[in-house]
Amino acid sequence: MTNSPASQPIVEFVDVVKRFGDFEAVKGIDLEIMPGEFIAIMGSSGCGKTTTLRMLAGLEAPTEGEIRLDGQVMNDVKPHDRDTPMVWQSLALFPFLNVRENVEFGLKMRGVGPDERKDRAMRWLERMEIEQFAERSVDQLSGGQRQRVALARALVTEPKVLLLDEPLSALDAHLVIRMQQVLTKLQRDLGITFVYVTHSQSEAFAMADRVVIMGDGKIAQVGKPRDIYRAPANRFVAEFVGRNNILTGTVTELAGSTVAIATPAGTFTVSAEGAALPAVGATASFVIAADLVHFSPDPMAEENSVECSLISEEFVGSVMTLFLESKDGTEFKVQTQERVLANIDLKATGRFHLGWSAASAHLLGE
Amino acid sequence: MSGRDALTTWVLRFYVVLVFGFIFMPIVASVIFSFNSQRFPTVPLGSFTTEWYTAILNDPDIWEAARTSILVSLSTSVLATFIGFCTAYTDYRFKFRYKYGFLALALLPPTIPLIIMALAMLAWFAKIGISGQVWSIIAAHTVLTIPFAMAIIRLRLNEMDESLEAAAWNLGASEWRAVKEVIIPFAKPAIISSMCLTAAVSFDEFAVAWFVSGLNKTIPVVILEIVTGNIDPQVNAIGSFVFLVSMTLVVLAQILFMTKGKRRTVTP
């Protein structure tokens, strides 16, 4: 990122709580977003991510706490007095206006005259490569084109922060990838802050500088996508990120920064680098990313190993996921490139040895 | 597609024709007799004539009544649609205590027998000293037709993506501005449709108009006065004219409501 360390956060949530009647949707979140950052708020439905975004847009008022935008407390500022345009999940394009009029809407509300409005709208339509549709009705456009209209409409007022609420969820897979590139490039070029809410891990990890994982109205972890993937802070994040092996057992030995944990599937060593060391006898969980597990039909000389039988396999593109089970019934997942498996007859072999280093296992906090 | 046999199909078709025949035959008969030269509505018909139309065109009472009717129905349609829109928007947008009570009150008028409504209006208008004027008919008709206006506009608002209004706020529109720039344009087909329909209802309405109109008779009131005196084929001519006006308005309302309804762009 290009921010100087001295720059102020553009968005701050300070202990923000949102209650709807008896239901607590957001349970006290603290978050700072820096200028020019692409931040993704990710969680399953009902985790409070959309409420968080709506509070930032002023569509919901926080019950407790403070939301600051560019240093100013925004709690009681009406939505129309904020400069936080949003790209909606439904896109919310105005069906009674044509493409250009949709894009002009924000300028019109700000009292910009018709000629300037048209010029600025057309510039954005050109930038989004849809200027040839300017005079069309919005329902004559394809999904991807409508997406671009929604982006142009939100960006035409040149805001400092753009809010995006699952904008790609209605598109089909290859368009999603295409729009991800459009969004990432746009954000780089404009240098403005994107706050992107999604339930899709691939969208969040592909685009965001930092990812906020939310669960049950709270922030479970904030970090770079890689860090969240390799070093989930707790069991919730590890399970949410998926494609992980999560094992739980009793700590039997501490040797330096390595911990030995006895699980039903066997005793394994785990690096506790950077984490608080648990006490001997305590219960501890750790996670091994599925792509860091090696496997072979023959026993192997790894720090940790376990023998498993193959249950099933899943094949997506060039990536293969194997689902295995150890003798005691613990499930393991292994992810590998399809070509690695080309020479192995999975069905005939049936039994495999899995192995991983202590360093590739990551101790979970609770 | 379904395995329905030909006989069932024909029976059903016959049934539909029968139902529409039952509804429209009296009107068709009335239109036919309005061009019939005989004084009494009997078959066989006499010769073709337009004398009854000429008669009503030359009758100043009918002209006076037509003017009153048009004034009443236009004013009613504007007032009822305005209040109906406000009621529909209130229901669409806000949650509040006793909302069901509010809605029940707003939708109540059609459930009251017209004659009771008419008597109550007469009594009330007389009490406050405004009975027998053109705008007492307008007030009474507005009360009667608000629920229709409200229902039509409410249905249209139901079709609206609920993010649309919030999107307008988000782009800098105040709440009033969003109503002007988003809600009204979106509801426009329903608003026009509601104006046509309330105008048609008011134009046709007899019972209430008869009670509260006093000397400002509307067309339906004049028709009754003619038929109570004697049998006069003029009634058929006026009836055909009223039917034409109302049907035009109703069909217009329906066309507007249907065509615009299909063109919605709400994504799931």
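Below, chain A is the first sequence line, B the second, and so on; all start at residue 1.
In terms of heavy atoms, A/Met109 sits closest to B/Ala173 at SD-CB, 3.5 Å. In terms of heavy atoms, B/Asp161 sits closest to A/Ala92 at OD2-CA, 3.7 Å. Residues A/Phe94 and B/Leu164 share a closest heavy-atom pair of CE2-O, 3.4 Å. The minimum heavy-atom distance between B/Asn170 and A/Trp88, with the atom names listed, is CB-CZ2, 4.0 Å. The two residues B/Leu171 and A/Ala154 have their closest heavy-atom pair at CD2-CA, 4.5 Å. In terms of heavy atoms, B/Val182 sits closest to A/Phe105 at CG2-CZ, 4.0 Å.
Other residues, nucleotides and ligands contribute more than 12 heavy atoms inside 6.0 Å of the NZ atom of A/Lys27. Environment of CZ in B/Phe96: crowded, with over 12 heavy atoms of neighbouring residues, nucleotides or ligands closer than 6.0 Å. More than 12 heavy atoms of other residues, nucleotides or ligands shown are found within 6.0 angstrom of CD on A/Glu135. Atom CD of A/Gln132 has more than 12 neighbouring heavy atoms from other residues, nucleotides or ligands inside a 6.0 Å radius. More than 12 non-hydrogen atoms from other residues, nucleotides or ligands lie less than 6.0 angstrom from NZ of B/Lys99. Heavy-atom neighbours of B/Phe94 CZ from other residues, nucleotides or ligands within 6.0 Å: above the threshold of 12. Residue B/Phe206 places its CZ atom among more than 12 non-hydrogen atoms of other residues, nucleotides or ligands, all under 6.0 Å distant.
Looking at B/Ala168, the atoms closer than 4.5 Å to chain A (heavy atoms on both sides) sit in the backbone and in the side chain alike. If you measure heavy-atom distances from B/Glu181 to chain A, the contacts under 4.5 Å come from both the backbone and the side chain. Neither the backbone nor the side chain of A/Arg54 comes within less than 4.5 Å of any heavy atom in chain B.
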